[in-house]
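Have a look at the structure below before the remarks.
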Amino acid sequence: MAALDLGRQRQVLKIVQQLAKGGVAIILTTHIPNQALLLNDQVGLLFPGGEFLAGHCQEIISSDRLEKLYHCPVKVVYVPELGRSICEMC
């Protein structure tokens, strides 16, 4: 989805959400944490060396974990207007 503009990414993510709500199992790989936060479901983080964390995105995706994973400063913050967290590079 990285090659898609924001509007098309949103369309694809909405389709993924609809399929998941309909009972279809979805496995989506991404290097864009905001996509996982937008879907607001189960996630897994795979770290170098094989460490793997899995659970609900609100429990698993954190600034510290993403900094460890991507080797750069990252902030995960809750945005009340969106009703969800977002991720930004610092």
Side-chain angles (χ1 to χ4, degrees):
M1 285 197 308
L4 298 176
D5 63 44
L6 290 176
R8 296 293 183 211
Q9 286 183 40
R10 184 175 185 273
Q11 284 179 328
V12 169
L13 290 172
K14 289 291 184 187
I15 291 168
V16 167
Q17 283 179 318
Q18 290 170 352
L19 291 169
K21 285 180 183 175
V24 175
I26 304 292
I27 298 175
L28 173 86
T29 62
T30 184
H31 288 259
I32 304 171
N34 280 323
Q35 291 175 348
L37 289 165
L38 183 64
L39 291 172
N40 195 32
D41 209 326
Q42 300 297 306
V43 300
L45 297 179
L46 180 59
F47 294 89
E51 179 186 0
F52 181 74
L53 294 174
H56 193 275
C57 70
Q58 296 299 325
E59 299 168 358
I60 298 298
I61 296 178
S62 69
S63 299
D64 291 340
R65 289 181 177 141
L66 293 181
E67 286 181 2
K68 179 180 175 185
L69 183 63
Y70 291 118
H71 306 286
C72 70
V74 174
K75 291 292 178 211
V76 176
V77 295
Y78 182 79
V79 179
E81 295 86 356
L82 298 175
R84 65 180 174 85
S85 295
I86 63 168
C87 174
E88 291 294 327
M89 292 182 296
C90 301

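As the structure is a computational prediction, the values presented were derived from the model and not from experiment.
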*Can you check side chain to side chain contact (heavy atoms under 4.5 Å, CB included) on K14 and Q17, steps first, answer last?*
CA-CA 5 Å; K14 289 291 184 187; Q17 283 179 318; 3.5 Å; yes

*Of the options C90, S85, S62, which is the one that meets K75 in a side chain to side chain contact (heavy atoms under 4.5 Å, CB included)?*
C90

_Qualifying residues under side chain to side chain donor-acceptor pair (under 3.5 Å), relative to Q9, sequence neighbours excluded_ = Q35

_Show the nearest heavy-atom pair for residues N34 and C87, with the distance to one decimal._
OD1-N, 2.7 Å

*Taking all non-hydrogen atoms of both residues, which atom of K68 and which atom of E51 are closest, and how far apart?*
NZ-OE1, 2.7 Å

*Do V24 and L38 share a hydrophobic cluster (ILVMFWY, side-chain heavy atoms under 4.5 Å, transitive)?*
yes

*Minimum heavy-atom separation for P48 to L69, with atom names?*
CD-CD1, 4.4 Å

*With the 4.5 Å side-chain cut-off for hydrophobic clustering, are L4 and L28 part of the same group?*
yes

*Are V12 and L19 co-members of a hydrophobic cluster defined by side-chain heavy atoms under 4.5 Å apart?*
yes

*Please name the pair of heavy atoms, one in R84 and one in L37, separated by the smallest distance, quoted to 0.1 Å.*
CD-O, 4.1 Å

*E67 side-chain N/O to V74 backbone N/O, donor-acceptor pair under 3.5 Å*: yes

_Spacing of CG belonging to D5 relative to CD belonging to Q11, to within rounding of 0.5 Å_ = 8.5 Å

*Following the transitive rule for hydrophobic clusters with a side-chain heavy-atom cut-off under 4.5 Å over Ile, Leu, Val, Met, Phe, Trp and Tyr, establish whether V43 and I86 coincide in one cluster.*
no

*Exercise: identify the closest heavy-atom pair between I60 and G55*: CG1-N, 3.5 Å

*Applying the 4.5 Å side-chain criterion to the ILVMFWY set and letting contacts propagate, would L13 and I15 be lumped into a single cluster?*
yes

*Looking only at heavy atoms, which two atoms of I32 and Y70 are closest? And how far apart?*
N-OH, 4.4 Å

